[in-house]
Amino acid sequence: MSERMLEKTYDPGQVEDRIYRMWMDKGYFRAEVDENKEPFCIVIPPPNITGELHMGHALDNTLQDILIRWRRMQGYSALWLPGTDHASIATEVKIVEKLEEEGLTKNDLGRDEFLKRAWQWKEQYGGRITQQLKKLGSSLDWSRERFTMDEGCSRAVIEVFVRLYRKGLIYRGDRLINWCTDCMTALSDAEVEHEEEQGNLWYIKYPIKDADEVIMVATTRPETMLGDTAVAVHPDDERFRHLIGKTVILPLMNREIPIIADEYVQREFGTGAVKITPAHDPNDFEVALRHDLPWISVIDESGAMNENAGKYAGMDRYQARRAVVEDLERMGLIDRIEDLKHNVGHCYRCGTVVEPLISKQWFVRMKPLAQPAIEAVRDGRIKFVPERFEKIYFNWMENIKDWCISRQLWWGHRIPAYYCQDCGETMVDYQMPERCSACGGTALEQDEDVLDTWFSSALWPFSTLGWPDKTRDLEYFYPTSVLVTGYDIIFFWVARMIFSGLEHMREVPFRHVFIHGIVRDSEGRKMSKSLGNGIDPLEVIKRYGADALRLTLVTGNSPGNDMRFYWERVEASRNFCNKIWNAARFILMNIQNAGITEPRAGELELPDRWILSRYNRLVEEVTENLEKFELGIAVQKLYDFIWDEFCDWYIELAKPGLYGRDRRVQETKLYVLNHVLLNTMKLLHPFMPFITEEIWQYLPHHQEDSIMISSWPKVDGRAIDPEAENRMWAIMDAIRSIRNIRAEMEVPPSRKAKVVLVVDRQDRSLFEESKIYFERLAWASAVQVREDREGIPSNAVSAVTGKVQIFMPLEDLVDIEKEMERLLREKKNLENELARVESKLSNDNFVRKAPPEVVEQEREKRKKYQDMMDKVLKRIESLKK
RNA sequence: GGGCGCAUAGCUCAGCUGGGAGAGCACUUGCCUUACAAGCAAGGGGUCAUAGGUUCAAGUCCUAUUGCGCCCACCA
C-alpha cells in the first residue's frame, strides 16, 4: 500500500520523461527472438534525417505504438523497429543551401568533401527526430535502430542492384525522363506532381514544302518547336490525308521535317495536327520510336536553350518561349492564341516545372515485378485497411512504367556500375572489378550517380532485419505484421516494398497495410511551412502532455480519413487525463483507510456485479475493435466506460458502502474499484501510456513491475451478467427520472425529498435493497417502496419508468397544473411510442419475416409502454379528483 | 478522361456485418454534493445532401443527381 498521495491535477511534465527513462532502463522495448511466443513486428516508416517531428509523424507513430503496446501485452514478441532515411534529394538540397550561405557550391567542395559534410550533418541532426519520437512515448526497440545508409542497408542495396541487373531487370539506356532543372537530377514518375495551370495554346502555321499550303499545329510550348522532327496527323483524318508523306519547312529553323500519320493524334483537339518534339515530350518520344524519327534536344539540364536552338541558344526556356512567339508573330505564322488549362509537372521536392529530357539513366523493368505484387494483394496475402486503397494500388501497379532509379546527386547509395575507360564496357558488381571483363583494361570508373532514395526504402522491411544475411531476426520477424502509413506514400513506398519483398524474400513484407489520413489545421488546410499553419506536436506535449496529444489524434479517427486539429480537442483529452487521475486518487485515498479483500461468492452487491459485467463486455469489444484496426472506436468505448459508467455511476454507487461501517463491505468495494481501474488502465495503456503507467505504479495488487509488460485483460465470461445489468439499469433509470423531475422543478440538491416507489411485487426486493442509492444519487431523504398507491397525496410529483412509478411529495413546490401538463406530455410520448410499436406488430410481413428475436423485442416494448401508460392514466385520474 | 472520399446537432466528427440517431466542443438551467469546477446533475438542438430503388425494416445496401475535396492519366 502506497503512502504517497496524488496531486489534485495530473501533471504530465512531472511524469513522462521519468517513465520513459524507466522503460528504457528496464529494457522493455527490446524484443527477443522467442520461439515460445508469436512474433509481431512493425517497421517504422523511417523519417528523413532532415525532418523534425510534425503532426503527421505524431499520428503515424501513435497508431503504431498503440498496436505494438497492445500486442506486446497480449504476449507477442513485439518488435517495433526504428530508423531513419537518408532522404537523398531532401538532404542534399539542405546541405547545398547551407553551403550557399558560406558562398560555396557543391563543385567547390568536390564529392568526397561534400559527403564528409553530409555525414557530419547526419551525425548532428539525424538523431533529432528519433529523440522527438521518444517524447511521444514510442516504444521502439532502440537497440535495433537502423539507417538507410548504414553498412547493412547499403549492402542490401548493392545486393539487390546486382541481382536485378543480372536478372535483366535493371538496365541503362537513353530514355525520356523527368528532369528537375533546379535539383539538376532525373526524377521518377512518382516524383512528379501534376498541377492544373492556366496556359495558352498557340496555333502555328507550318508551311508545306513546294506547295502553297500550310499545316497548322497547336502547342502549349512553342519553344519546343525548335526541336521538332515531324508533324503528325491521324491516319484517317480526311483533312490531312493528302499531306501525309510530304514535308514541311520548320519555321525559324528552316529544317525539313516529314508529315506522318499516327493514331496517337486526337482529331478533335487543336487543329488535328501535332508538332512532334521527341526530345521534350513523352508522347512525342513514343511517336518518334514508332516512326524512327530523330530527336533533337534543344533544352539543357539547367532549363536553358542549347546549341541546337539556333539563335535562341543560351536563353532560359521561358525567355525563349516569348522570343519564339514574337518572331513567329512577326512572320505572320501565329494564327491565334487561346487560353487553355492544362497539367504541368512539378518536382515534388522544389516545385520547379519538370522538363522532359532525353538522358542516359538506370531503370528497373517493372512489369515482371509488378505482376506478383498485384497477385499478393488480389489473393489476400496482403490486406489494405481500409480496403478501398487496394483499388488505388492496383490502378498504379497495373499501369506502371519502368522506374528511373539513377539520380544525379552525391548523397545516397552510389550505383555499383563500373565503366571501362578503354573499351566502354559496363560491369555491375559488388565492388569494383580488378580489370575489364571485356578488354582486360584496368582503367575503370564507377558510375557517378546515386540511387533514388526510395530504392533503399523499398528494402526496409528486410534490410533492417539483417538481409542479405540469414539472421535469426529475419527468420523470426519476417514477414512483418503491419505497415502503418499515410495514403500519400502508397506509391513511393508501400508498392515498392511489396514487389521488393516478393522478389528478394519470396514472401510479402507485411500482412496488413494500415492507412491513415493526414492531420490538417482547424480550417481543413494541409499543415505546411509556407502557410505557417503547422502545429508543433512537441509544443502540444509540453502544454498538455503526450497522452493528451495521442488521445486527440486517435479519437474520432477512422482509417484512411483526414482529420482536423483543434486545441479544444486537446483540452478535452487533457480533461480526460485529469478525470482518470482523480478516479485513481479517490480510490487510493480510500485504500489508505481500508484494505482490499477479494470478495467471496455472494458478497458482491448489485452495482459490483453490474460494473464487472460491463467491464468484461468492454474487454471483449475493445479487443475486437483493435483486431479490426478500429482504434478510434476502441478508445471511444474506453472513454465512455471510464467516464460515464465507472466514474459517474459506479464510484458514486460504491460510496455508500465505502463510507459505511462494515469493513468487509468497504474492502469489497475497494477490491472492485481497484480491479476495474487497474484493468481499464491496462486497456487504455496502448493509447495513453504515461498516465496509465503512473497510476499503475500507485495502485496495489499487481505482480508486474510495469503496466507495459503486464498482460492484456481477458474476458471473464462468468462475470457477464445480463440480469445484473437489467436490474441495475432499472435503478439507474429511476434515479435519472427523479433527477429529471428535480431539475425541472429547480429543487436544489441541498433540499432532500421523500421518495415513494410503487413497484410490482417481483421487483420489490430489488428496490428495497437499492434505497441507499436513491438517497445518495437522487437526494432522497427517505425512500418508501410499496406495491400499492393508496394514500399517496395528490400534491406529489410523479414519474413513470419501465419498472416503477415514482412519487415525490414536495408539497410546497407542487403545482398541480404543471404536474398535469407533464403527465399529458408523458401520455403523448407514450401514445407515439405505442403507435410505432403497434404499426410494426400489426404488420403481418414484419411478424412473419423479421427475425423472431426482433419481433420479441417489439412485443416486450409494447408491454412496457402499455404498463407505463396505465400508470400515467391512473395518475391523471387521481389528480382530477 | 478514369477512380476515390466526404456530405449526420451551431462547429468538428464517430456510427463495424441494415432492427428505435451518438460524442467532444459550444449553448441553456441548477449545483463549490468531503476524487475531479479541467467537475457534477438536468436540458435544448438533427425530414442523417437530393431523387428513385431493394427490404417486413435504410444514416447504413443499389442507381442517378448536386456540392466540396483528393488521387491517377500522354489530348499537344
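Just the heavy atoms: all of them, side chains too, but no hydrogens, waters or symmetry mates, feed the values below. So that the names make sense, note that chain A is the first sequence line, chain B the second, and so on, each numbered from 1. In this text the structure is predicted, and so the values were computed from the model without any measurement.
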query = When we call it a touch if two heavy atoms are under 4.0 Å apart, what does A:Cys577 touch: a base, just sugar-phosphate, or nothing?
reply = nothing
query = A:Asn740 side chain N/O closer than 4.0 Å to the phosphate oxygens (OP1, OP2) of B:G43?
reply = yes
request  = Scan A:Lys655 against the nucleic acid and name what it touches under 4.0 Å (heavy atoms): base, sugar-phosphate only, or nothing.
outcome  = base
key: Step-by-step side-chain contact (heavy atoms from CB on, under 4.5 Å) determination, A:Asn343 to A:Glu195   = CA-CA 5 Å; A:Asn343 281 316; A:Glu195 268 177 73; 5.7 Å; no
message = Which residue is it: A:Phe576, A:Phe646, A:Phe687? I am looking for the one with a ring pair (Phe, Tyr, Trp, His ring centres under 6.0 Å) to A:Tyr639.
response = A:Phe576
message = Please confirm whether the shortest side-chain N or O distance from A:Tyr659 to OP1 or OP2 of B:A35 is below 4.0 Å.
response = yes
task = Select base, sugar-phosphate, or nothing to describe what A:Leu201 touches, counting heavy atoms under 4.0 Å on all strands.
result = nothing
query = Can you tell me if A:Thr277 and A:Lys275 form a side-chain donor-acceptor pair at under 3.5 Å?
reply = yes
query = Which value, in whole Å, describes the distance between the P atoms of nucleotides B:U66 and B:A51?
reply = 15 Å
Centroid-centroid under 6.0 Å between A:Tyr348 and A:Phe492 rings = yes
ask   = Under a 3.5 Å cut-off on both pairing distances, which runs of 3 or more consecutive Watson-Crick or G-U pairs involve RNA chain B?
value = B:1-7 with B:66-72, B:10-13 with B:22-25, B:27-31 with B:39-43, B:49-53 with B:61-65
message = Regarding A:Gly632, tell me which of base, sugar-phosphate or nothing describes its non-hydrogen contacts under 4.0 Å with the strands shown.
response = nothing
A:Glu571 or A:Asn557, whichever maps to the more 5' nucleotide of RNA chain B = A:Asn557
Report, one pair per line, the protein and nucleotides 25-32 of chain B atoms (nitrogen or oxygen only) whose separation is under 3.5 Å.
none

request  = May I ask you to say what A:Asp648 touches in the nucleic acid, namely base, sugar-phosphate or nothing, with a heavy-atom cut-off under 4.0 Å?
outcome  = sugar-phosphate
query = Hey, mind stepping through A:Val622 and A:Glu627 against side-chain contact (heavy atoms from CB on, under 4.5 Å) and telling me if it holds?
reply = CA-CA 9 Å; A:Val622 166; A:Glu627 265 155 17; over 6 Å; no
request  = Answer with base, sugar-phosphate or nothing: what part of the nucleic acid does A:Phe491 contact at a heavy-atom distance below 4.0 Å?
outcome  = sugar-phosphate
query = Heavy-atom count around A:Trp729 CH2 within 6.0 Å, excluding the residue itself: above 12?
reply = no
task = May I ask you to verify if any side-chain N or O of A:Arg569 is less than 4.0 angstrom from the OP1 or OP2 atom of B:G24?
result = no
ask   = Which whole-number value in Å describes the distance from A:Leu631 CG to B:A23 P?
value = 22 Å
request  = Could you grab the distance from atom CD1 of A:Ile535 to atom CZ of A:Phe565, nearest 0.5 Å is fine?
outcome  = 5.0 Å
inquiry  = Below the 4.0 Å mark, does B:C40 have OP1 or OP2 next to a side-chain nitrogen or oxygen of A:Lys579?
reply    = yes
message = Run A:Phe240 and A:Ile259 through side-chain contact (heavy atoms from CB on, under 4.5 Å) and show every step you take.
response = CA-CA 9 Å; A:Phe240 302 113; A:Ile259 297 173; 6.0 Å; no
request  = Taking atom P in both B:A35 and B:U8, compute the distance separating them and give it to the nearest angstrom.
outcome  = 42 Å
inquiry  = OP1 or OP2 of B:C71 versus the side-chain N and O atoms of A:Lys391: is any pair under 4.0 Å?
reply    = no
query = Going from CG on A:Leu531 to NZ on A:Lys526, what distance comes out if it is rounded to the nearest 0.5 angstrom?
reply = 11.0 Å
inquiry  = Applying a 4.0 Å non-hydrogen cut-off, can you work out what A:Arg836 is touching in the nucleic acid: base, sugar-phosphate, or nothing?
reply    = base
inquiry  = Suppose you measure atom C1' in B:U17 against the same atom in B:U12; what distance do you get, rounded to whole Å?
reply    = 28 Å
inquiry  = Taking only the P atom of each, what is the distance from B:G30 to B:G18 in whole angstrom?
reply    = 46 Å
task = Sticking with atom C1', work out how far B:A76 lies from B:C71, rounded to a whole angstrom.
result = 23 Å
query = Is A:Trp643 touching bases, backbone alone, or none of the nucleic acid, heavy atoms closer than 4.0 Å?
reply = sugar-phosphate
ask   = Between B:C4 and A:Trp396, is there an OP1 or OP2 to side-chain N/O distance shorter than 4.0 Å?
value = no
ask   = Rounding to the closest angstrom, what is the interatomic distance between B:C48 and B:C61 at atom C1'?
value = 16 Å
ask   = A:Arg862 and A:Glu838: side-chain contact (heavy atoms from CB on, under 4.5 Å), yes or no, with the steps?
value = CA-CA 7 Å; A:Arg862 177 167 64 183; A:Glu838 206 54 57; 3.1 Å; yes
ask   = Of the non-hydrogen atoms in A:Asp281 and A:Pro356, which two are nearest, and what is the gap between them?
value = N-CB, 4.2 Å
query = Does the B:A38 base have a donor-acceptor partner in the side chain of A:Arg574 within less than 3.5 Å?
reply = yes
task = Sticking with atom C1', work out how far B:U63 lies from B:G44, rounded to a whole angstrom.
result = 38 Å
remark   = Walking RNA chain B from its 5' end, the first of A:Tyr566 and A:Ile633 to be reached, judged by nearest nucleotide, is A:Tyr566
ask   = Hey, does A:Glu652 reach any base, or is it just sugar-phosphate, or nothing, if we go heavy atoms under 4.0 Å?
value = base
inquiry  = Tell me whether the side-chain N/O atoms of A:Lys8 come closer than 4.0 Å to OP1 or OP2 in B:A37.
reply    = yes
query = Can you check whether A:Thr219 has a side-chain N or O nearer than 4.0 Å to OP1 or OP2 of B:A76?
reply = no
inquiry  = Counting the atoms with a prime plus P, OP1 and OP2 as sugar-phosphate, which does A:Lys628 contact under 4.0 Å by heavy atoms, base, sugar-phosphate, or nothing?
reply    = base
key: Pairwise C1' distance for B:A7 and B:C13, with rounding to whole Å   = 12 Å
ask   = When you check the phosphate oxygens OP1 and OP2 of B:A14, does a side-chain N or O of A:Asn561 lie under 4.0 Å from one of them?
value = yes
